[in-house]
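The block underneath contains the structure these notes are about, expressed in structure tokens.
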Amino acid sequence: MHHGHHNSCGPISVPGCNQTQVCPPVCHEPIQFVKENCYTVIVPHVHPVHTLEVNNHVFQHEHSFPHSQQTMNPVFNQEIQHGAPMPPAPGCCGPMSGGQGQFPGQGQFPGQGQFFGQGQFPGQRPFPGQGPGF
């Protein structure tokens with residue numbers, strides 16, 4: 001597009017005439033000015049955060065094995081009779097004779113009071129009050 005005046009436009013100077021003539025406008029591209037406006041728009045963004053607290057309970061089962069001991073001492077009695085009781089011989093074992101026993105029949109028979117196996121088993125010791133002479 002041509003910018004400028006055409007020869008047919010504008011004031012014409014005619015001798016003896018003072019008349020002004022106007023030509024149609026010549027349009028140009030607009031000159032652009034930029035005016036910026038700023039508008040603040042708030043856009044809420046929600047980011048939820050959650051904390052889960054876990055309390056772990058650990059049960060430690062401690063096993064112990066206390067030990068006790070017990071000892072048993074079973075006692076066994078055997079009644080052994082050798083022969084039949086007999087009255088003492090005259091003058092034997094009386095209170096004045098100085099013999100073995102003081103009562104009739106005590107210590108008169110062979111082996112009486114000497115029961116070596118009484119209350120004993122293999123590997124077992126005699127218990128108090130047992131054994132030879134009791």
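Position 1 is the first residue of the sequence, and the numbers go up from there.
Other members of the cluster containing Leu52 are Val54, with ILVMFWY side chains joined at under 4.5 Å, either directly or via other members. Other members of the cluster containing Tyr39 do not exist, because no ILVMFWY side chain is joined to it at under 4.5 Å.
Listed by chain and number, the residues in a side-chain contact (heavy atoms from CB on, under 4.5 Å) with Val34 are Gln32, Glu36 (sequence neighbours excluded). Take His47 and apply the side-chain contact (heavy atoms from CB on, under 4.5 Å) test, not counting sequence neighbours, and it matches His45. When the side-chain contact (heavy atoms from CB on, under 4.5 Å) test is applied to Phe59, the partners found at least two apart in sequence or on another chain are His57, His61.
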